[in-house]
There are 2 protein chains.
Amino acid sequence: MERKTVLIVDDEEKIRILLRDFLEREGYNVLESPDGKQALEMFQRFGNDIDLILLDIMLPELDGWTVCRKIREASQVPIIMLTARSEDFDEVHGFEIGADDYVKKPVKPTALIARINAFFRRLEREKNENNVFVFDGIEIDDASHVVKVDGSEISLSPKEYSLLLILVENRGKIVSREQLLNQVWGYDYYGGLRTVDTHINRLRIKLGRKADAIATIRGFGYRFEG
Amino acid sequence: MERKTVLIVDDEEKIRILLRDFLEREGYNVLESPDGKQALEMFQRFGNDIDLILLDIMLPELDGWTVCRKIREASQVPIIMLTARSEDFDEVHGFEIGADDYVKKPVKPTALIARINAFFRRLEREKNENNVFVFDGIEIDDASHVVKVDGSEISLSPKEYSLLLILVENRGKIVSREQLLNQVWGYDYYGGLRTVDTHINRLRIKLGRKADAIATIRGFGYRFEG
DNA sequence: CAAACGTGTTCACAATTTTTTAACAAAAAT
DNA sequence: ATTTTTGTTAAAAAATTGTGAACACGTTTG
């Protein structure tokens, strides 16, 4: 695995140093910018080498939103926004503008590192694996969207398939109805949470013998048991 | 980040001093034992405060293997084994017995420190990523909400689970009924305090053999004993 | 020592909450 | 046009929850 490069954009030097130390110890290359203007210049010069941008919202010269938008005009590089207080961050706005994730300040470096590592791992997995999941009695091939139960193919509707995939990607972990709505239906979806239940129900029926691979965690959500 | 405490168990004073110096300069608290018997006593007294044990294999009184095994009966504290020559160390044996890592002697202090730092960083990261609590006979995984007693899963209702989690997060400390009501039921909750007792009761029943992990502190509340 | 008291435990049951399921109509795809 | 997918609603089913009363148990008081 080659070395990843992270660009830190924050006006406080202390934070930049803190994050750089942790990131470098963790094996990342680090670039820094103290303000939005420099960040964009940096990005023009090194754009291709940058694998991730940590972007503070409160910045001199150009604020984080603008920087994010400008970068998005040219590139799909992953961006994690750092936000001073959670209220400052309008989640919808943030994701609309193209941020991939956001982290509340004050950042605990270890937590941030964990998030970054998880982020790259997910990326890596999505890139490399041709995403076939095989469990006892259930097979899912994400390339072709073919799902088999006990060797024979079942036909899932788009929503059913997405639902299953997200549950499987988070196998062993509870996924709340809100999360499922956000990820399957989109963060701007309006409808009621019960819709999720209905689709889970339909999915379970199609899963037949393996219906209970999707466990209900009363009060919290659903969980796929691989 | 709080200060970590490391227990060094080695019969050679020179090595103890060497390691202590380096560890203290690196910001760790250090405890020492010259032999296995004292190490166990030390562990009984300070067990909860010890974050890592550096354990030599060749020890007077009780050898490292035995010490490791004894400690493992009571605790999941991380243990790094120090081994004189690599041939002495049957790696499989070591990990089977519950050591988390092993380092060949002669130890280069800088290398050991690096390893220890890395170790704590990994630990910290894993803690941030997935909250798992492991006690003697009780395991809790917060991502999946799976709770196991003596290795077999028990099924808890939402309230029971939340209750357990809060007690565990405050393990060793008394949590009053008021606090439990506030945290599990929400501060705007109306009902009586007896409700807590009922749920504690149900929780205890499900915990079966480990029911007394939740101690009643008459007049004050409850306490989880890890 | 016994009675009274304070506190925690246990139990049964009704009330409530949450999930499942089925039916239906709108929307989308074929 | 017909079929499939989808979201909503409401009823049915299932599980959780709150409550109060009886009970237990140790402590304090008489």
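In what follows, every chain begins at residue 1, and chains take the letters A, B, ... in the order their sequences are listed.
With hydrogens and angles ignored, the 3.5 Å screen pairs no side-chain donor or acceptor of A/R45 with any backbone N or O of A/L40. Between the side chain of A/N201 and the backbone N or O of A/D197 there is no donor-acceptor pair closer than 3.5 Å. Checked by atom type and distance alone, the side chain of A/K210 never pairs as donor or acceptor with a backbone atom of A/D150 at under 3.5 Å. At distances below 3.5 Å, not a single donor-acceptor pair connects side-chain atoms of A/D35 with backbone N or O atoms of A/L59.
With rounding to whole Å, B/L181 atom CG is found 11 Å from D/dG18 atom C1'. For the pair B/D212 CG and C/dT9 P, the computed distance is 12 Å after rounding to whole Å. Rounded to whole Å, the distance from NE2 on B/H199 to P on C/dT9 is 15 Å. Whole-Å rounding puts the B/I205 CD1 to C/dT9 P distance at 12 Å. Here D/dT5 presents its P atom at 12 Å from CD1 of A/I154, a figure rounded to the nearest Å. Atom CD1 in B/I174 sits roughly 15 Å away from atom C1' in C/dT7 (whole-Å rounding).
At least one side-chain heavy atom of B/F135 sits under 4.5 Å from a side-chain heavy atom of B/R171.
Using a 4.0 Å heavy-atom cutoff across all strands shown, A/Y161 reaches no nucleic acid atom at all.
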In the 5'-to-3' direction, what one-character label does each nucleotide of nucleotides 13-20 of chain C receive under the scheme B = base within less than 4.0 Å of a protein heavy atom, S = sugar-phosphate only, - = no such atom? ----BBBB

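One finds a side-chain N or O of A/W185 lying less than 4.0 angstrom from the OP1 or OP2 phosphate oxygen of D/dG7. The side chain of A/T195 contributes an N or O atom lying less than 4.0 Å from OP1 or OP2 of D/dT8.
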A/N170/A/Y222 under side chain to side chain donor-acceptor pair (under 3.5 Å): CA gap, chis, key distance, verdict: CA-CA 10 Å; A/N170 294 286; A/Y222 295 97; over 6 Å; no

